[in-house]
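Here the structure comes first, spelled out in structure tokens, and everything after it is commentary.
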Protein chains: 2
Amino acid sequence: MLTNSRLVHQPHDHGRCINAALSRANNLCTEKGVRLTPTRESVLRLLWQSHQPLGAYQVQDQLSKLTGKSIAPPTIYRAIEFLSDLGLVHRLASLNAYIGCPFPNSEHSNLFMICNSCGSAAEVAHTALNDVLQNASEKAQFKLESQSIELFGLCPQCSQDTTQATEHKAHG
Amino acid sequence: MLTNSRLVHQPHDHGRCINAALSRANNLCTEKGVRLTPTRESVLRLLWQSHQPLGAYQVQDQLSKLTGKSIAPPTIYRAIEFLSDLGLVHRLASLNAYIGCPFPNSEHSNLFMICNSCGSAAEVAHTALNDVLQNASEKAQFKLESQSIELFGLCPQCSQDTTQATEHKAHG
DNA sequence: TTTTATATGTTATATTATAACATAACATAA
DNA sequence: TTATGTTATGTTATAATATAACATATAAAA
């Protein structure tokens with residue numbers, strides 16, 4: 001099970017996340033012979049600003065502020081589509097939001113653990129899970145092509161906070 | 001693994017699906033002391049008209065035609081919310097669409113197999129899968145509260161059609 | 001440097017969903 | 001039975017998300 005869960009839910013040097021993501025993006029674009037234009041790079045950078053997924057219009061706002069120009073939705077959606085096609089960005093359907101992919105080269109589960117409290121989302125690649133889904137599909141004679149798995153709950157950090165709050169309440 | 005997959009993807013007496021769903025709904029509403037009003041019943045019936053999930057505005061259209069009155073979106077969304085709270089209806093996030101739940105009393109996986117070709121969606125309840133997800137969550141110290149699992153691919157029927165089409169092509 | 005392909009700008013609009021407030025229907029108690 | 005509270009629906013407006021269609025600009029290749 002490969003995940004960025006620890007990183008997402010703990011204080012860390014987030015600059016390294018961003019740099020790593022940009023580096024991966026540059027390599028992949030070179031490899032595929034496509035261009036990581038300034039707009040696309042900025043969008044990717046914004047989606048990596050935190051580990052919380054962003055809506056397209058949040059990206060729009062932030063990019064507009066960043067550049068001082070007003071930017072229309074299609075520009076954002078195009079950049080997201082480009083990044084998404086390369087596997088650098090994922091869409092979280094239940095949130096209508098987008099997030100950078102921490103391991104675009106690995107086999108994917110498209111599994112996300114989304115915190116109901118702080119909104120952070122960790123991605124998980126889980127071979128055994130994929131096998132279970134593949135088996136289930138075969139049993140149902142369903143030819144599996146892609147998948148979207150979104151788990152909701154409390155991240156380690158928020159879970160701890162809740163416990164403490166409850167304890168505090170109990171004592172008060 | 002409990003699923004309505006066979007039923008969904010094969011010709012069957014669909015009236016029985018609808019009747020069963022309405023009967024379950026009536027029982028559940030009685031049990032919970034809430035009302036299955038005509039609007040709510042109609043919406044449930046429409047969502048059971050086929051095994052393809054429907055968008056809220058599709059439901060609106062059909063209900064308007066059915067009653068001859070024009071019906072505004074909030075009415076539809078309220079009915080869907082009511083049914084959804086009772087577990088009688090699910091939302092498929094990736095499609096922005098809604099579908100009747102075939103086994104509202106069973107433990108849920110919230111797992112759907114959605115056909116990319118015909119649009120049908122079968123629901124699956126899969127204890128072993130739930131265990132895998134629970135374990136993965138625990139490993140990540142994530143307190144799992146709910147989940148949404150959507151698989152995309154080809155249903156048995158469409159998969160067969162594709163194979164035949166390919167064979168046909170190969171022969172032609 | 002023309003040509004071609006790719007990327008972005010711009011305007012308008014489609015699609016999905018909800019807020020806010022008014023009215024109606026139902027349930028219960030006085 | 002009427003008064004009262006609760007639940008459900010009607011109505012209007014608008015928020016939030018996403019895309020179509022066409023014009024322009026930028027980069028790459030011939």
Side-chain angles (χ1 to χ4, degrees), chain A residues 25-26 28-30 32-44 46-47 52-64 66-86 88-99 119 148 150, chain B residues 25-26 28-47 52-64 66-86 88-99 119 148 150:
Chain A
N26 271 306
L28 191 57
C29 286
T30 304
K32 299 257 176 184
V34 294
R35 284 189 289 153
L36 191 65
T37 64
T39 304
R40 291 164 175 173
E41 182 176 322
S42 297
V43 169
L44 183 59
L46 285 169
L47 289 178
Q52 270 116 358
L54 290 182
Y57 284 76
Q58 288 179 287
V59 174
Q60 183 196 19
D61 279 356
Q62 297 191 19
L63 189 55
S64 293
L66 209 66
T67 61
K69 290 188 265 185
S70 94
I71 290 168
T75 299
I76 304 300
Y77 281 101
R78 283 165 185 155
I80 288 173
E81 188 187 17
F82 172 86
L83 296 166
S84 178
D85 286 349
L86 289 173
L88 295 168
V89 154
H90 290 292
R91 176 167 197 266
L92 300 185
S94 52
L95 301 177
N96 297 323
Y98 306 86
I99 191 166
S148 157
E150 298 176 13
Chain B
N26 272 305
L28 191 57
C29 286
T30 303
E31 187 188 320
K32 299 256 177 185
V34 294
R35 284 188 288 152
L36 191 65
T37 63
T39 305
R40 290 165 177 174
E41 184 177 321
S42 297
V43 169
L44 183 60
R45 203 183 274 277
L46 285 170
L47 290 179
Q52 272 116 357
L54 289 183
Y57 284 75
Q58 289 178 286
V59 174
Q60 183 197 19
D61 280 355
Q62 298 191 18
L63 190 55
S64 294
L66 209 65
T67 62
K69 291 188 267 186
S70 94
I71 290 168
T75 299
I76 304 300
Y77 281 101
R78 283 166 186 155
I80 289 172
E81 188 186 17
F82 173 86
L83 295 167
S84 177
D85 286 348
L86 288 174
L88 295 168
V89 154
H90 291 292
R91 175 169 198 267
L92 300 186
S94 52
L95 301 177
N96 297 322
Y98 306 87
I99 191 167
S148 157
E150 299 176 15

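Lettering of chains follows the sequences in order, A, B, ..., and the numbering in each one begins at 1. Everything numeric here is computed off the predicted structure, so don't read it as measured data.
Across the protein-nucleic acid pair, A:Asp85 atom CG and C:dT6 atom C1' stand 15 Å apart, rounded to whole Å. One atom, CD of A:Glu81, and another, C1' of C:dA7, lie 13 Å apart when rounded to the nearest Å. Rounded to a whole Å, the CG atom of B:Leu36 is 15 Å from the C1' atom of D:dT9. Atom CG in A:Leu92 sits about 17 Å away from atom C1' in D:dA16, given to the nearest Å.
Legend: residues meeting salt bridge (charged side-chain N to carboxylate O under 4.0 Å, His left out) with B:Arg45, ordered by chain and number and at least two apart, are B:Glu41. Residues forming a salt bridge (charged side-chain N to carboxylate O under 4.0 Å, His left out) with B:Glu150 (at least two apart in sequence, or on another chain): none.
The shortest side-chain heavy-atom distance between B:Val43 and B:Val89 does not fall under the 4.5 Å cut-off. A heavy-atom distance below 4.5 Å is found between the side chains of A:Asn96 and A:Arg91.
Going from atom CD of A:Gln62 over to atom CG of A:Leu47 covers 9.0 Å, rounded to the nearest 0.5 Å. For the atom pair NZ (B:Lys32) and CG (B:Asp85), the distance works out to 10.0 Å, reported to the nearest 0.5 Å. In this structure, CG on A:Leu92 lies 12.0 Å from OG on B:Ser94, to the nearest 0.5 angstrom. Atom OG1 in A:Thr39 sits 6.5 Å away from atom CG in A:Leu63 (nearest 0.5 Å).
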Dump the pairs, protein N or O against N or O of nucleotides 24-30 of chain D, anything under 3.5 Å, distances to one decimal.
| unit_1 | atom_1 | unit_2 | atom_2 | d |
| --- | --- | --- | --- | --- |
| D:dA27 | O3' | A:Arg35 | NH1 | 3.4 |

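Closest approach of B:Leu54 to B:Leu46, counting heavy atoms only: CD1-O, 3.6 Å.
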Let me check something: any side-chain donor-acceptor pairs from residues 71-84 of chain A under 3.5 Å, sequence neighbours excluded? List them with distances.
none

Original post:
What string of B, S and - do you get for nucleotides 8-21 of chain C, 5' to 3', if B is base contact, S is sugar-phosphate-only contact and - is no contact with any protein heavy atom under 4.0 Å?
Top reply: BBBB----BBBBB-
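With the 3.5 Å cutoff on both pairing distances, Watson-Crick and G-U pairs in DNA chain C assemble into runs of at least 3 at C:1-30 with D:1-30.
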